[in-house]
Amino acid sequence: MNLISDMSEVRSQFPILERILPNGKKLIYLDNAATSQKPYFVINAMNEYYSKYNSNVHRAVHALAGEATEAFELARKSVANWFGLPSGGMVLFTSGTTDALNLCALGWAKVNLSSGDAIVLTEMEHHSNIVPWQMLAKEKNLELRWVDVDSETYQLDLDDFKSKINGAKLACIIHTSNVLGTRNPVEKLVEMAHDSGAKIILDCAQAAAHEKLDMSKINADFLAVTSHKMCGPTGIGALLISPGIFEQMEPIQGGGDMITEVFKEYSNFQENEHKFEAGTPRIAEAIGWSAAINWMQKLDMNAAHQHTLMLAKNAAEGLKKIPGIKVYGDHSNDDVSGVVSFLHESLHAEDIAHMLDSMGIAVRTGHHCAQPLMRRLGVTSTNRASFYFYNTIEESNAFVDAVKSIVERFT
Amino acid sequence: MNLISDMSEVRSQFPILERILPNGKKLIYLDNAATSQKPYFVINAMNEYYSKYNSNVHRAVHALAGEATEAFELARKSVANWFGLPSGGMVLFTSGTTDALNLCALGWAKVNLSSGDAIVLTEMEHHSNIVPWQMLAKEKNLELRWVDVDSETYQLDLDDFKSKINGAKLACIIHTSNVLGTRNPVEKLVEMAHDSGAKIILDCAQAAAHEKLDMSKINADFLAVTSHKMCGPTGIGALLISPGIFEQMEPIQGGGDMITEVFKEYSNFQENEHKFEAGTPRIAEAIGWSAAINWMQKLDMNAAHQHTLMLAKNAAEGLKKIPGIKVYGDHSNDDVSGVVSFLHESLHAEDIAHMLDSMGIAVRTGHHCAQPLMRRLGVTSTNRASFYFYNTIEESNAFVDAVKSIVERFT
Amino acid sequence: MNKWPNKIQEIIDEFSDALDQMERYEMLFEYAEEIDELDKSEWTNKTRVVGCQSEAHVLIEFGENGFHLRGSSDSQIIQGLMAITAIALEGLTPEEVTGFSPNFVSEMKVLETLTPNRANGFLNMFMRIQDDAREMLG
Amino acid sequence: MNKWPNKIQEIIDEFSDALDQMERYEMLFEYAEEIDELDKSEWTNKTRVVGCQSEAHVLIEFGENGFHLRGSSDSQIIQGLMAITAIALEGLTPEEVTGFSPNFVSEMKVLETLTPNRANGFLNMFMRIQDDAREMLG
Ligand SMILES: Cc1ncc(COP(=O)(O)O)c(C=O)c1O
Ligand SMILES: Cc1ncc(COP(=O)(O)O)c(C=O)c1O
């Protein structure tokens, strides 16, 4: 927990944390699971690109284009290294997690599954890991099987997973829940999927922000990740694919940069990452994401996560002591992320959120793009405070005190 | 041509134009058709977003999210206004032109065309307006019809268009060529397409940078546009759709933000732009693009284009006087953009480009993602200098002098 | 010279004099209790205000004494705004209702502190009421 | 103490002493003329170097006097680099060819001024030559 002693140093690198809101309150940003803030290092890297070497990449014969191409392809390597991509695996850049999940659905599953095949989802999934599969299931007549979530322990039912994966072709699983904070036993799930001959894709939108994922250890076939939740810019993410997957995929978009030759009658495609990246790539975004990774490399990710956990646990404990408040998620467990979902028995979630906002505290309220999970929990929405390593114990306490004062004043 | 008197003021707003290259030469950037440079105004707008109000958008109950949502949706309005979107039309944000063309192919054409239907392309198209249609044609058994380009006048053969459009369902046409500079008579083409009952999509990647497009006058069903060639950031573009089109489209990606309700069995989709924008949107990118539009609003686009034309014509004239150089494109015409493609009869295009680079002059060399056009012209690649409003007559002259000195020294 | 009817001007003054936003929320909660409540059992798809983040239902009628609103929401803030709207429009004719500006809520300094979503929610509700009134106008 | 054979060190010195990049290009053009040219009629898919932006073809042989390269390209810059490579490797055994470092081109201060694409093109060509030599090693 060295981080805490250097906390003011860490915070000073995020300009927005100094923000004074229009109502005069200092911002307490607890909406990190929606998107994280960005350090100067990342903002400046993109600035520098646009100010010094902005150019289109590939097939170029001038200095700027050389610099931009090098930085762009270096960014791909940074992403590969950071996520422990096994050699022979690939980083396919996308617009974010959602785009990555859709790329898996249309570029891989559409090609490799056929009528009657089954896909396993869980009730914990984000809509981004549900709707693409529903659309594909409709098009190809596939079966979707849903794994139960226990509404007391907030864990996946592993026995249910075991029976559902049997005979299925693909499992689409959230690594870490954006509502409950639950970190699923993905290593075990991957093993079970592979044992029964299924491929598995993990939605790591939340996980990538909290732990240093190592794809070579996780051993999943696909990881879907996003930049904007891990200190990087919006507009970029990736589908990480294991060795052997590339050959099974078909491109879903056509255009510049993904071809080797175009004739009127047909075209030949590249046989590398570019095959799946039609058009001018997200150059500044890749450079920004790679800067975020370089920045986080200097952070002790484990200590950072322990700190985040401590803040979340502190908040969950505090909330539970407030009359009428229920916390959704098991924060006695260590396999959780920084999110704390809660509801008051009579005060409307949005009313609480507005009141917190008027105190400068930013939390998110709603179904968090996880309506099947909401139904399992028997609610339509929750309030969600989500912590990150740059939050402080003072902020965690201020948040609990604020909820307490709201409940006291308005019930 | 007021612009010229204010040229140093205009140039001072683009930090990169001061760039000294590693070889000590001052940058002369003539690769604008690949991507334009960005003014401080745009760079700063994205900075400000990340430093002051970065937040995920939509369904939010806190101040930052409100500010970000407002700026994001305002960006959509800026884009709509700038491109003269008729009321009832929509701006669907994409990653760029290529993504927009693919969205049209998969979201509209795939739904509305059936086996045996014909699509009209031209030999002038960029690969991004070819490959998506080839892929769709293969999947749906469609016919692709190609309109000739006259290799002497560098114009589309309108008679050929007239005969090819007959009975076709869709025409996919480049508004302004990225190789020849030719601005096609799109108003006439739209009329001819509509007269014969076909829809028409215009690839405006180049055009949007050079003229203030007015969709309500052009009257095309779809425009595909991109930010990065018109002073905005990478990673964003749009498919602009006319009134009545939205209802004929189906979403191609599933995920957050594009749904109203998700059940295990099925989902209901939004009935607005978000239906086609799954996942966390390109927030900073939209804000940056909108800043670019606001910046250009202060520029006299017409004067800017006249200036660009003057530079391109000057360069084309100069090049033609150099022994062995052939210019591809008719720069005596006023319906051209700022690109000047050329080749020397014996010096290899790449060798020339390297030599120009060593003098600090950035041009592009290759097939420019237009191989069918290259074949029509009987070449495999060209050198291409492309001018923009911030280039100067001195740069245009320096470029011609450089080519002249290369030819003199190396032949 | 007040541009609003007295009863509304009083509410505007009361709200704009409030110490801070939390006090305004408190006042909204109090107004919420005074609404002629539409019981949950009366909620139907026809009474639902679409575009609100929270469930909000209104039913309007023009009796002998003009406009009257019954409504409720699972959000007390929304129900408070509804209650004030009911006070503002009480007794008006359909013509008067359709011509009434929703701006009084801005002057209460309540709307701008709400997020665009929620402000839209209020405006949706207000427009919905005016649409219903317009329909009754024929 | 030269780490390169004399004939190569001389070329390196010649290039690194050049006034500027344009002079180096001029020198490459001159070397290009000295290559044992592979006529276009001899170009086949087997002689093509893939990964070059321009057409580049090489054919290598190990005769009595060791390594010999014939080649050509429609780019004089590439052909010049090819010619210097031919000089560097001329007469070597297959083992010596496969062990030869392509770094002499960096020391000529030519490679870093080329774009990554083109530098890759050169490296592809060099590796292709070494692959062919390795194949002949058996
Ligand atoms: C005419 C034309 N169409 C399409 C494109 C592709 O645009 P984008 O890179 O935004 O996908 C380009 C630019 O590369 C272009 O010049
Ligand atoms: C678990 C999970 N999956 C998917 C997403 C979607 O990610 P993106 O916005 O990058 O598409 C999110 C975040 O919104 C998430 O939390």
Side-chain angles (χ1 to χ4, degrees), chain A residues 15-16 19 21-22 31 34-35 37-38 43 47 50-52 54-56 59-64 95-99 102 126-128 130-132 134-135 146 228 233-235 253-256 259 261-262 264 266-267 278-280 282-285 350 353-354 357 362 365-366 369 371-372, chain B residues 15-16 19 21-22 31 34-35 37-38 43 47 50-52 54-56 59 61-64 95-99 102 126-128 130-132 134-135 146 228 233-235 253-256 259 261-262 264 266-267 278-280 282-285 350 353-354 357 362 364-366 369 371-372:
Chain A
I16 211 171
R19 173 74 196 273
L21 297 169
D31 193 17
T35 200
Q37 297 306 338
K38 328 296 174 200
I43 301 172
N47 264 1
Y50 282 128
S51 310
K52 299 222 173 101
N54 170 65
S55 168
N56 215 324
R59 299 202 198 86
V61 196
H62 60 80
L64 283 197
S95 297
T97 312
T98 305
D99 196 21
N102 279 278
H126 187 280
H127 293 165
S128 294
I130 297 175
V131 187
Q134 288 181 331
M135 289 165 68
W146 293 84
H228 72 91
T234 58
Q253 292 205 321
I259 55 87
E261 271 190 303
V262 173
K264 284 188 187 172
Y266 67 95
S267 297
T280 298
R282 301 149 178 97
I283 309 169
E285 288 82 355
E350 286 227 4
H354 272 113
D357 178 53
T365 300
C369 294
Q371 287 187 323
Chain B
I16 210 170
R19 173 74 196 275
L21 297 169
D31 192 16
T35 200
Q37 297 305 338
K38 327 297 174 200
I43 301 172
N47 263 1
Y50 283 128
S51 310
K52 300 224 173 103
N54 169 66
S55 168
N56 215 323
R59 298 202 198 85
V61 196
H62 59 79
L64 283 197
S95 298
T97 312
T98 305
D99 196 20
N102 279 278
H126 187 281
H127 294 165
S128 294
I130 297 176
V131 187
Q134 288 181 332
M135 289 166 68
W146 293 83
H228 72 90
T234 58
Q253 292 205 320
I259 55 88
E261 271 189 303
V262 173
K264 284 187 187 174
Y266 67 96
S267 297
T280 298
R282 302 150 179 96
I283 309 169
E285 289 81 356
E350 287 226 5
H354 272 112
D357 177 53
R364 192 146 290 241
T365 299
C369 294
Q371 287 187 321

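Here the structure is a predicted model, which is why all the values come from computation and not from measurement. Order of the sequence lines sets the chain letters (A, B, ...), proteins ahead of strands, with each chain counted from 1.
Between chain A and the residues B/C369, B/S267, B/G366, the largest count of heavy-atom pairs under 4.5 Å involves B/S267. Highest contact tally toward chain A, considering only B/L21, B/I130, B/T35, is held by B/T35 [criterion: heavy-atom pairs under 4.5 Å]. Residue with the most contacts toward chain A among B/E285, B/E261, B/K52, B/R282: B/E285 (heavy-atom pairs, distance under 4.5 Å). Contact count against chain B (heavy-atom pairs under 4.5 Å) is highest for A/G235 among A/G96, A/P22, A/G235. Annotation: maximal heavy-atom pairing with chain B below 4.5 Å, among A/A353, A/P372, A/A362, occurs at A/A362. Of all the listed residues (B/P15, B/G279, B/S51, B/S95), the one sharing the greatest number of non-hydrogen pairs under 4.5 Å with chain A is B/S51.
At a threshold of 4.5 Å between non-hydrogen side-chain atoms, the residues A/T234 and B/N56 do not count as touching. Side-chain contact between B/H228 and A/T280: present, with at least one pair of heavy atoms (C-beta onward) separated by less than 4.5 Å. A 4.5 Å side-chain heavy-atom check between B/D357 and A/V61 finds every atom pair outside the cut-off. In this structure, the side chains of A/H62 and B/R364 come closer than 4.5 Å at one or more pairs of heavy atoms.
Across A/Y50 and B/K38, no two heavy atoms sit closer than the pair CD2-CG, 3.5 Å. Between B/P132 and A/G254, the closest heavy-atom pair is CG-O, 3.5 Å.
Looking at B/D31, only its side chain comes within 4.5 Å of chain A, counting heavy atoms on both sides. Looking at A/N54, the atoms closer than 4.5 Å to chain B (heavy atoms on both sides) sit in the backbone and in the side chain alike. In this structure, the portion of A/I259 lying under 4.5 Å from any heavy atom of chain B is its side chain and not its backbone.
Panel note: side chain B/Q134, backbone A/K264; a donor-acceptor pair is recorded below 3.5 Å.
B/T98 and A/Q253 share no side-chain donor-acceptor pair at under 3.5 Å.
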